Every structure is written in structure tokens, then in C-alpha cells.
Colleague: 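The structure follows.
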Amino acid sequence: MSENSTNSYYKSYPFTCNLEFDTALEITKYIFQLIYLVPGAIFIAYMLYVLTVKHRKLYADNYFFRIFVFELITSLFLIIQDIFFGRLTMYITPLCPILAPYFYDYSFLLKFQMVSLNYVRASKSVSQIFLTLNRMTCVLFPISHQKHWRKCINLVIFLNFSLPFGAIWSLILSRVYASATYGGFSSNYIRAIDWASLSRFQSIYLTISLIATIFFTILTFYGLQNLVTRVKTLEKMLCIATFFITFAFILVAISQYIWVFCSICSKTYPSLYMIQFLTYDFLNVGAPIVMVIINKQLRAHMFPWLKIAGSEQITVCNLQQYDTALEISKYICQLIYLVPGAIFIAYMLYVLTFKYWRFYADNYYIRIFVFELITSLFLIIQDIFFGRLTMYIPPLCPILGPYFKQNPSLLKFQMVSLNYVRASKSVSQFFLTLNRMTCVIFPITHISYWSKYINLVIILNIFLPFGAIWILIISEVYPNPTYGGFSSNYNRAIDWATISRFQSLYLVISMFFTIIFTILTFYGLRKLAKRVHYLEKILCIVTFFITFGFIFVACFQFVWVFCYTCQYNIPSLYMIQFLTYDFLNVGTPIVMVTINKQLLSHMFPWLKTAGSVQVTAISMAQSQF
């Protein structure tokens with residue numbers, strides 16, 4: 001290394017902390033991530049203790065678990081370094097002016113942090129190949145795979161340690177420095193060799209691993225379908241856990257590709273930088289949890305006291321009647337649109353209620369629509385983390401079922417809040433269509449009327465749903481076997497008062513007025529097209545879609561409640577109810593943004609460059625608004 005290059009390598013790189021970020025908000029982000037990172041680290045550490053110390057002899061001959069232990073160690077390292085350095089220095093804004101001067105000059109600590117972080121990430125790509133390869137050989141060669149893995153397990157472990165260096169060698173040669181990130185700072189580097197970028201090598205590793213993972217997973221799934229009777233139950237469970245790890249790894253790869261190759265995306269969405277870390281969190285924390293949930297043997301070793309739940313399992317779960325892999329696949333398929341839907345709605349709420357609240361505050365339709373969005377977000381979140389999780393993940397049933405049978409308070413809150421929010425949708429649907437009708441029929445005076453009564457409308461939106469759920473509040477709630485898991489049910493406190501009867505009454509009233517108001521709105525639009533504002537016409541179109549979705553929901557509710565023959569002959573009708581609500585909850589905000597160019601420009605400002613026609617349309621809507 002020449003003298004000039006040496007001086008450049010040890011050159012000082014001072015930077016200014018970006019104190020414009022809201023300190024309270026940044027610290028809140030850190031705390032929210034600690035809520036799952038800290039328990040996740042403790043859980044992984046305990047799992048490592050069980051696998052490598054407490055029950056080492058039992059798991060030592062299972063070569064999948066040997067590789068998985070390496071995966072757990074890397075996950076624990078990533079979480080610990082994020083808690084105590086990576087996200088601490090990135091989110092705790094007051095720390096930046098204090099710590100930053102220590103990293104202006106060359107810092108071995110900073111370099112070790114960045115090199116080790118990327119080494120561990122690359123090692124996950126390598127271990128992912130071996131995990132899925134192990135499951136594939138287990139299924140395709142159930143008799144001989146143990147012998148083959150006994151011969152090559154030491155080579156596999158050696159490759160797991162050594163191959164990641166191929167992704168980080170350029171980083172080892174490069175100068176690592178600190179740069180401002182969010183309200184704090186993070187590590188960055190200056191390439192020692194121009195063409196050798198870290199992102200390029202990490203992407204190569206990810207691509208190879210992704211191709212191999214998908215290929216091995218497809219073969220594994222095919223083998224499971226054809227060799228079910230020849231595969232041990234434990235091996236099948238490990239395959240299911242590997243499917244989840246594969247799904248999480250694909251999410252990681254997608255977020256990495258977007259950040260590395262879509263420069264427009266990274267500039268327009270700075271939060272994509274953080275999303276990379278969150279996808280790794282999902283993989284690091286989620287994989288061990290799924291492994292314990294799926295694997296009864298490991299679950300019994302980690303939580304031996306859960307064995308006492310066995311006597312109650314028969315009354316709560318239907319484990320023998322449903323295929324675990326199929327049920328979990330249903331859950332994952334629904335997560336594919338529920339998770340992005342929840343993120344989309346949350347961002348839409350942020351735009352409407354914070355970023356552009358002053359702009360939308362005088363639009364009374366938007367005020368009601370915000371209430372509708374909140375209920376949709378609540379329904380989706382409770383479905384992701386409770387309703388469909390407990391219904392579709394059979395291994396969870398013997399763990400949680402007996403608990404909720406003995407302690408039904410949380411289950412009661414879930415069922416009451418679920419039905420409250422569903423009833424509130426009937427109420428808000430009435431007011432949404434009423435607002436559009438008055439806008440078209442009384443285009444001049446409807447604003448003054450709604451300014452007087454908007455507070456009353458919001459109060460009614462909050463209190464009227466209690467008329468549909470009062471019977472549920474005073475009734476006993478219990479877990480009921482549903483598919484491979486369980487859902488909430490209740491014993492009526494009063495024989496004639498059923499939740500389905502009151503929900504149906506609300507639906508009938510709301511649907512009756514919805515249809516009338518929609519017909520009048522459509523008639524008014526045809527007659528008074530020239531007098532209606534551009535933005536108001538757009539909101540009417542959105543309301544038509546919501547009306548269609550709501551009628552769709554109502555029809556299946558009526559079939560489920562009143563057609564007893566249908567319930568017995570078509571058990572899937574129960575799930576179809578939820579899917580119709582998904583259509584309404586996820587579809588409505590997407591249609592609103594798609595149709596409303598003004599809101600589209602506020603949520604995705606870079607789309608303004610898409611053409612003069614769009615910009616003109618937006619400006620017209622804003623002037624009319």
C-alpha cells in the first residue's frame with residue numbers, strides 16, 4: 001500500500017448529525033423494535049441452550065439441527081448487535097453528537113461491526129442452501145440421507161464458516177467510516193477496488209441461495225406429496241418449518257434487490273433502508289418461533305410444563321382431521337395480501353391524518369373514511385396475529401387452546417372487538433353513502449349540513465355498534481375447534497338474543513339504505529354531472545365500489561346465518577366470510593388511491609412526473625376542493 005493510499009485509508013471523515021428528525025419519534029421506533037428483539041434474543045439463547053447443552057445427545061445426530069444451530073447463532077448475533085449498536089446509534093438522536101466524534105477517524109470497532117454484520121448476513125445465504133438441501137434429501141432419500149449427511153456434515157460446517165468471506169473480502173480491504181442515517185449514524189465504506197462492491201457480492205450470494213432454495217423447496221414439497229407414508233412425522237414437521245424459513249428468506253432477498261438495484265426507489269423511499277433490517281428481523285425472530293411451534297419434541301423440551309395440557313387437547317383441537325402443511329399454507333397465502341394491505345392502510349392513514357390533515361380536514365367524507373380505514377386496519381391486524389393464526393396453525397392449538405379455555409378474558413376481548421368493528425362498518429357504510437348522495441343531490445348546501453352534524457356522525461359511528469354486541473358482552477366466550485386450530489364462540493346469556501341476529505339486523509338496515517342512497521347518487525350524477533366537483537365525482541365512484549364490497553359481505557353473512565344446510569354441506573363458507581371482509585378491507589383503500597389522483601399524488605409524489613395529464617387532473621381537483 002502506497003503512502004497516499006495509506007493516508008487516504010486513515011483519513012478523517014467528519015459528518016454532521018441530522019437533528020431535524022423528531023427525537024421522540026426516533027426513540028419510539030427503537031423501543032417498538034426492542035419489544036420483539038429483546039424477547040427474540042432471549043428465546044433464541046434459551047433454544048440454543050436446549051439444543052446444545054440440555055438435550056445435546058438427543059439432537060446431535062440430527063444434522064438438520066446442527067445446521068440450524070449455526071443459523072440460530074447468526075440470528076442471535078444480528079439481534080444483539082442491532083440492540084446494542086446498529087439501531088441504538090441510528091435511532092437514539094441525542095447519542096449522535098456524543099458518539100460521532102469517536103468515529104470521525106479510522107475505527108476498528110466500526111469496521112468490525114460492519115464486516116461481522118455482512119459476514120453473518122452472507123452466512124445466512126449459505127446456511128439457507130444447506131437447510132433446504134437437507135430437507136430435500138430427507139424426503140427424496142429417506143433411507144440413505146442420514147448416512148450421506150454423516151459423511152459430509154463437517155464439510156458443510158466448514159463451508160458455512162468459510163464461504164461468506166467470498167462476499168466480504170472487498171469490505172475487509174476497504175475504509176469503513178460513519179455517516180449520518182436518520183437521526184443518528186451507521187457504518188458505510190469506500191471501495192478499495194472500484195468494481196468490487198459489497199452489494200454486488202451479497203446479491204450474487206442471495207441469488208444463488210434463492211435459486212437453490214426455491215428449487216430444493218419445490219422438490220421437497222413434491223416429495224412430501226408422494227412419499228407421505230414413508231416420511232417420519234418429525235421430518236415432515238422440519239420440512240414445514242423450512243418452508244417458513246424459505247418464505248422469510250425470499251422476503252429478505254426481495255427487500256435487498258429493491259434497495260440495491262432500484263435507485264429511484266431508494267431515493268424516493270428512504271424507509272426502504274430500514275425495511276431491509278425488518279425483513280431480517282422477521283427471519284431471525286420468526287424462524288426459531290415457528291420451529292418450536294411446529295416441532296412437538298422441541299416444544300416439549302423447551303416448555304415441559306405444557307404437557308399438562310394434553311387432557312384438554314381433545315376438546316379444543318382437531319389435529320387429526322386437518323393436514324398441518326395445508327393449513328399453514330392457507331395462512332401464508334392470506335398473509336401475502338394481508339400484510340401489504342395493513343402497511344398500505346397504515347401509510348394511507350398517516351397521509352390523511354398527519355401529513356396532509358389540514359388539506360383533508362374539511363372533507364367530511366374523508367373524515368368518515370378515516371374511521372373506515374381504522375376499522376379495516378384493526379380487522380387485518382387481529383386476523384394476522386390472532387384470528388387466522390390460531391385457526392390455521394394446528395401446532396399452536398394444543399399450546400394456546402387450553403390456556404384460553406381456562407383464561408377466556410383475552411378471547412372475549414378479541415371476539416367482542418371483532419364484532420364491534422364489523423358492526424361499525426355497517427354504520428359507517430350508511431354515512432359514507434349518505435354523504436355522497438347529499439353531495440350530488442344538494443351540491444351547494446351539503447357542506448354546511450355536514451359541518452353541523454359531523455361530530456354527531458362520529459359519535460354515532462362509535463356508539464351505535466354496541467347495539468349489535470351487547471349480548472356478547474354479557475355472554476361466556478370459549479375456544480371452539482375450527483379447521484386445524486380454534487376460534488372464539490359463545491354461550492348465549494339470553495336465549496333469544498344472538499349476535500348473528502343483531503349483526504344481520506344492522507346489515508339489513510345498512511344494505512337497504514346503501515342501495516337506495518347509491519341509486520339516488522347514480523341518478524344525480526347523470527343529471528347533474530356538470531355541477532358536481534371533479535373530486536366529489538371520484539369519491540362517488542369509490543363509494544360505489546365500497547357498496548359493492550359491502551353487499552358482497554352481506555350476502556355471505558346471510559347465507560352463513562340463515563342457511564343451515566349450507567353450513568353443513570359447505571364448511572368453507574365460514575372462511576369465505578373472512579375473505580369477503582378481506583376484499584372490502586384491502587380493496588377499498590386501493591381503489592380510493594387508484595381513482596383519486598389527488599390522494600395518489602400525496603401518497604406517491606414521484607408519480608407526478610408520469611405525465612402532464614395527471615398533473616393537470618390533480619391541480620383541477622385541488623382547485624375545486
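Just so it is clear, the model here is predicted, and its values are computed rather than measured. As a basis for the values below, the full set of heavy atoms in this structure was taken, side chains included, without hydrogen atoms, waters or symmetry mates.
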Colleague: Kindly assign one of parallel, tilted or perpendicular to the pair Tyr392 and Tyr331, based on the angle between their ring planes and the thresholds 30° and 60°.
Modeller: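 The arrangement is tilted - the two ring planes meet at 30° to 60°.
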Colleague: Within this structure, what is the OG-CG distance for the pair Ser428 and Asn461, rounded to the nearest 0.5 Å?
Modeller: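 Interatomic distance, Ser428 OG to Asn461 CG, rounded to 0.5 Å: 5.5 Å.
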Colleague: Drop me the distance from Ile473's CD1 to Phe413's CZ, to the nearest 0.5 angstrom.
Modeller: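 Ile473 atom CD1 to Phe413 atom CZ measures 11.5 Å (nearest 0.5 Å).
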Colleague: Taking side chain as C-beta onward, heavy atoms only, is Leu400 less than 4.5 Å from Leu396?
Modeller: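 Yes; the side chains approach each other to less than 4.5 Å.
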Colleague: Could you work out, with salt bridge (Lys or Arg N to Asp or Glu O under 4.0 Å) as the rule, every residue matching Arg388, not counting sequence neighbours?
Modeller: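 Arg388 satisfies salt bridge (Lys or Arg N to Asp or Glu O under 4.0 Å) with Asp383, Asp582 once adjacent residues are dropped.
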Colleague: Please walk me through it: do Ser209 and Gln128 pass side-chain hydrogen bond (donor to acceptor under 3.5 Å, both in side chains)?
Modeller: CA-CA 7 Å; Ser209 181; Gln128 177 64 21; 6.0 Å; no
Colleague: Indicate the ring-plane relationship of Phe463 and Phe466, choosing parallel, tilted or perpendicular according to the 30° and 60° boundaries.
Modeller: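 Tilted.
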Colleague: Find out whether Tyr506 and Val427 are in side-chain contact, i.e. whether some heavy atom of one side chain is under 4.5 Å from a heavy atom of the other.
Modeller: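 Yes, their side chains come closer than 4.5 Å.
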Colleague: In sequence, state the C-alpha distance, the side-chain angles, and the governing distance for Gln429 and Ser510, and then conclude on side-chain hydrogen bond (donor to acceptor under 3.5 Å, both in side chains).
Modeller: CA-CA 7 Å; Gln429 174 63 21; Ser510 182; 5.9 Å; no
Colleague: Checking Arg422 against Phe378: charged group under 6.0 Å from the ring centre and within 45 degrees of the axis?
Modeller: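 No; the conditions do not both hold, so Arg422 does not lie above the ring face of Phe378.
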Colleague: Give me the ring orientation class for Phe486 and Phe404: parallel if the planes are under 30° apart, tilted from 30 to 60°, perpendicular past 60°.
Modeller: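 Taking Phe404 first and then Phe486, their aromatic rings sit tilted (interplane angle of 30° to 60°).
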Colleague: Report yes if some heavy atom in the side chain of Leu298 is under 4.5 Å from a heavy atom in the side chain of Leu51; otherwise report no.
Modeller: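 A side-chain contact under 4.5 Å exists here.
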Colleague: Supply the atom-to-atom distance Tyr581 OH to Ile576 CD1, rounded to the nearest 0.5 angstrom.
Modeller: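 Output value for this atom pair is 14.5 Å.
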Colleague: Any chance you could lay out the side-chain hydrogen bond (donor to acceptor under 3.5 Å, both in side chains) test for Ser487 and Thr482, step after step, and finish with the verdict?
Modeller: CA-CA 6 Å; Ser487 62; Thr482 308; 2.6 Å; yes
Colleague: Fit a plane to each ring of Tyr360 and Tyr356, take the angle between them on a 0 to 90° scale, and name the class: parallel (under 30°), tilted (30 to 60°) or perpendicular (over 60°).
Modeller: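 Ring orientation of Tyr360 relative to Tyr356: perpendicular.
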Colleague: Would you mind reporting whether Ile515 and Met511 have side-chain heavy atoms less than 4.5 Å apart?
Modeller: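 They are in side-chain contact.
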Colleague: After noting the C-alpha distance and the side-chain angles of Ser376 and Lys425, does the key distance pass the side-chain hydrogen bond (donor to acceptor under 3.5 Å, both in side chains) rule?
Modeller: CA-CA 9 Å; Ser376 295; Lys425 281 192 167 291; 2.8 Å; yes
Colleague: So do the side chains of Ile343 and Tyr347 get within less than 4.5 Å of each other, counting heavy atoms only?
Modeller: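 Sidechains of Tyr347 and Ile343: no contact.
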Colleague: When rounded to the nearest 0.5 angstrom, what distance separates CD1 in Ile590 from OG1 in Thr588?
Modeller: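 These two atoms lie 9.0 Å from each other.
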Colleague: Any chance you could measure Thr279, atom OG1, to Asn284, atom CG, to the nearest 0.5 Å?
Modeller: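 Those atoms lie 9.0 Å apart.
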